[in-house]
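First the structure, in the form of structure tokens, and then the observations on it.
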Amino acid sequence: MSHGSLPPLPENRIVLSVGTVGVDFLAAVASYPNPDDKIRTTSLTVQGGGNAGNALTCAARLGLSPRLISKVANDTQGRGILEELQADGVDTSSVVVSEEGNSPFTYIIVDNETKTRTCIHTPGYPPMIPSDLSQTSLSSALDGARVLYLDGRIHETALLVAQEAARKNVPILVEGERIREGLDDLLKLADYAICSAKFPQAWTEAASVPSALVSILVRLPKIKFVIVTLGEDGCIMLERSVDEAPQTEEMDVDSLLELLKQRKDDKIAIPTCVSLPVTKLRANGVGTVCGRLFVGTAEKVPPSELQDTTGAGDSFIGAVLYAICSNMPPEKMLPFAAQVAATCCRACGARTGLPHRTDARLASFLS
């Protein structure tokens with residue numbers, strides 16, 4: 001496929017992230033071991049990892065200009081992490097390198113039988129603190145940025161950067177992977193949130209996922225949209241409507257989601273999206289919010305092609321960053337992000353399968 005048929009790159013394509021990077025040791029095994037077992041790998045892959053590192057690698061391959069604020073140690077792993085990111089076009093000039101300690105790393109057991117991945121993470125030491133980041137470094141990192149992405153780690157530094165971004169009117173995307181220290185402060189400043197399947201209910205204590213999404217928009221008045229990713233079940237997105245139509249009738253959000261699910265066509269293998277017009281959405285015991293509900297499907301990846309789901313959520317975020325920079329409407333953004341994530345799952349490791357902008361599988365989503 002020629003470059004000529006691709007749409008032009010977004011005008012402002014600088015994205016900044018504060019978050020983790022590390023090294024992933026991916027041991028693929030025939031089936032998950034029992035305690036005290038001695039088993040062999042079917043393959044071993046060593047590559048860069050960490051939510052922010054993976055999402056920015058994805059964004060770079062899609063044509064964005066990512067910058068990273070993080071911390072590694074001056075060890076073999078740390079140098080490897082930075083070299084790998086730089087080779088993919090990620091600007092690491094704001095990454096702090098500690099002379100002592102260790103860089104973060106993760107052991108990942110990839111079960112070939114169930115296609116699951118189990119992660120055992122060792123954090124970097126010493127951890128990043130706000131004083132690691134000079135005012136000059138912070139200003140230059142944010143200069144010209146179209147969006148800031150926070151993966152929820154190194155929260156004190158992330159908050160410092162987020163406060164500065166908010167002052168400069170740089171939109172902020174926050175990832176809600178699990179409840180973490182300091183995450184609430186970041187969410188208060190967020191314009192966009194992307195959550196793992198269990199996060200919305202864990203954070204809001206709502207009775208259902210759709211009620212939890214309404215609760216997030218009620219609690220966080222600055223949020224424009226929230227997406228919950230559901231793996232092979234796709235995703236659900238709730239977008240806040242700014243101009244409330246006075247004649248909009250109030251609907252129960254759970255009933256509306258069921259209505260939407262009936263409208264999606266499960267026979268289509270490629271990712272699709274169904275949505276409803278602006279509605280006043282009610283969640284019992286939570287309140288109401290005026291917005292649009294979207295249901296995105298995942299690509300039905302043939303079992304023979306499905307390798308490893310490590311990094312699928314990170315690649316989804318990388319694609320959403322691209323969509324934000326391109327001002328893509330949700331109807332285009334959700335299938336595009338799902339396609340990028342499905343492509344990532346066709347190789348072992350979080351980055352091996354990340355598609356480049358010129359990948360033929362993305363052509364119809366980018367046109």
Side-chain angles (χ1 to χ4, degrees), residues 10 13-24 47-70 72 81-82 84-92 94-95 104 106 108 117 119 121 141 145-154 158 161-162 165 170-178 180 183 186 190-196 199 227-229 231 235 308-326 328 333-334 336-345 347 349-357 362:
R13 48 184 185 270
I14 298 169
V15 295
L16 173 64
S17 178
V18 184
T20 49
V21 288
V23 176
D24 286 351
Q47 65 175 203
N51 296 32
N54 296 339
L56 290 193
T57 299
C58 176
R61 291 190 191 178
L62 291 173
L64 299 184
S65 306
R67 298 170 181 166
L68 175 67
I69 292 174
S70 194
V72 295
I81 289 165
L82 296 186
E84 198 175 335
L85 288 166
Q86 289 156 5
D88 260 307
V90 177
D91 179 340
T92 61
S94 297
V95 175
T106 307
I108 302 173
R117 47 115 183 97
C119 304
H121 180 66
R146 171 68 179 83
V147 61
L148 167 67
Y149 155 55
L150 309 172
D151 73 3
R153 310 312 208 294
I154 46 178
V161 179
V170 176
I172 300 166
L173 185 155
V174 174
E175 178 181 0
E177 188 180 32
R178 61 176 67 95
R180 298 180 189 281
L183 184 61
L186 303 180
D191 297 87
Y192 316 105
I194 298 185
C195 312
S196 64
F199 181 84
I227 299 171
V228 55
T229 56
C235 65
D308 175 22
T309 56
T310 304
D314 304 331
S315 63
F316 187 96
I317 288 174
V320 169
L321 291 171
Y322 180 89
I324 290 169
C325 291
S326 311
M328 246 186 223
M333 172 176 79
L334 297 181
F336 169 64
Q339 183 65 43
V340 169
T343 309
C344 171
C345 293
R351 300 185 188 174
T352 317
L354 288 175
H356 286 81
R357 183 178 157 76
L362 303 184

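Starting from 1, each residue takes its place in the sequence as its number. Side chains included, hydrogens not; waters and symmetry mates left out as well; all remaining heavy atoms used.
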Only one of Ile14, Val15, Asp191 clears side-chain contact (heavy atoms from CB on, under 4.5 Å) with Val147; which?
Val15
Among Thr229, Leu183, Val228, find the residue that satisfies the side-chain contact (heavy atoms from CB on, under 4.5 Å) test when tested with Phe199.
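Testing each of Thr229, Leu183, Val228 against Phe199, the sole residue satisfying side-chain contact (heavy atoms from CB on, under 4.5 Å) is Leu183.
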Separation of [Y] [atom2] from [X] [atom1] (nearest 0.5 Å):
| X | Y | atom1 | atom2 | value |
| --- | --- | --- | --- | --- |
| Leu64 | Arg357 | CG | CZ | 9.0 Å |
| Leu362 | Leu62 | CG | CG | 6.5 Å |
| Phe316 | Ser196 | CZ | OG | 12.5 Å |
| Ser65 | Leu16 | OG | CG | 12.5 Å |
| Arg178 | Cys195 | CZ | SG | 13.0 Å |
| Leu148 | Ser17 | CG | OG | 7.0 Å |

Do the non-hydrogen side-chain atoms of Val72 and Val21 ever get within less than 4.5 Å of each other?
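Answer yes - side chains close enough.
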With a 4.5 Å cut-off on side-chain heavy atoms, are Leu354 and Thr57 touching?
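A side-chain contact under 4.5 Å exists here.
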Pair Cys235, Leu334 - check side chain to side chain contact (heavy atoms under 4.5 Å, CB included), show working.
CA-CA 8 Å; Cys235 65; Leu334 297 181; 3.9 Å; yes
Please walk me through it: do Val95 and Leu82 pass side chain to side chain contact (heavy atoms under 4.5 Å, CB included)?
CA-CA 9 Å; Val95 175; Leu82 296 186; 3.8 Å; yes
Arg146/Ile324 under side chain to side chain contact (heavy atoms under 4.5 Å, CB included): CA gap, chis, key distance, verdict
CA-CA 8 Å; Arg146 171 68 179 83; Ile324 290 169; 3.8 Å; yes
Please check if the side chain of Glu175 supplies one atom and the backbone of Ile194 the other of a donor-acceptor pair under 3.5 Å.
no
Any donor-acceptor N or O pair under 3.5 Å, side chains [X], [Y]:
| X | Y | value |
| --- | --- | --- |
| Asn51 | Asp151 | no |
| Tyr322 | Arg13 | no |
| Gln86 | Thr92 | yes |

Gly152 versus Leu186, closest heavy-atom pair with distance:
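Shortest heavy-atom contact: CA-CD1, 4.2 Å.
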From the list Asp88, Asn54, Asp24, side-chain hydrogen bond (donor to acceptor under 3.5 Å, both in side chains) partner of Arg351 resolves to Asn54
Does the pair Arg153/Glu177 count as a salt bridge with the N-to-O cut at 4.0 Å?
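Result for this pair is yes, salt bridge flagged.
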Would Ser94 and Leu68 satisfy side chain to side chain contact (heavy atoms under 4.5 Å, CB included), going step by step from the backbone distance to the final call?
CA-CA 6 Å; Ser94 297; Leu68 175 67; over 6 Å; no
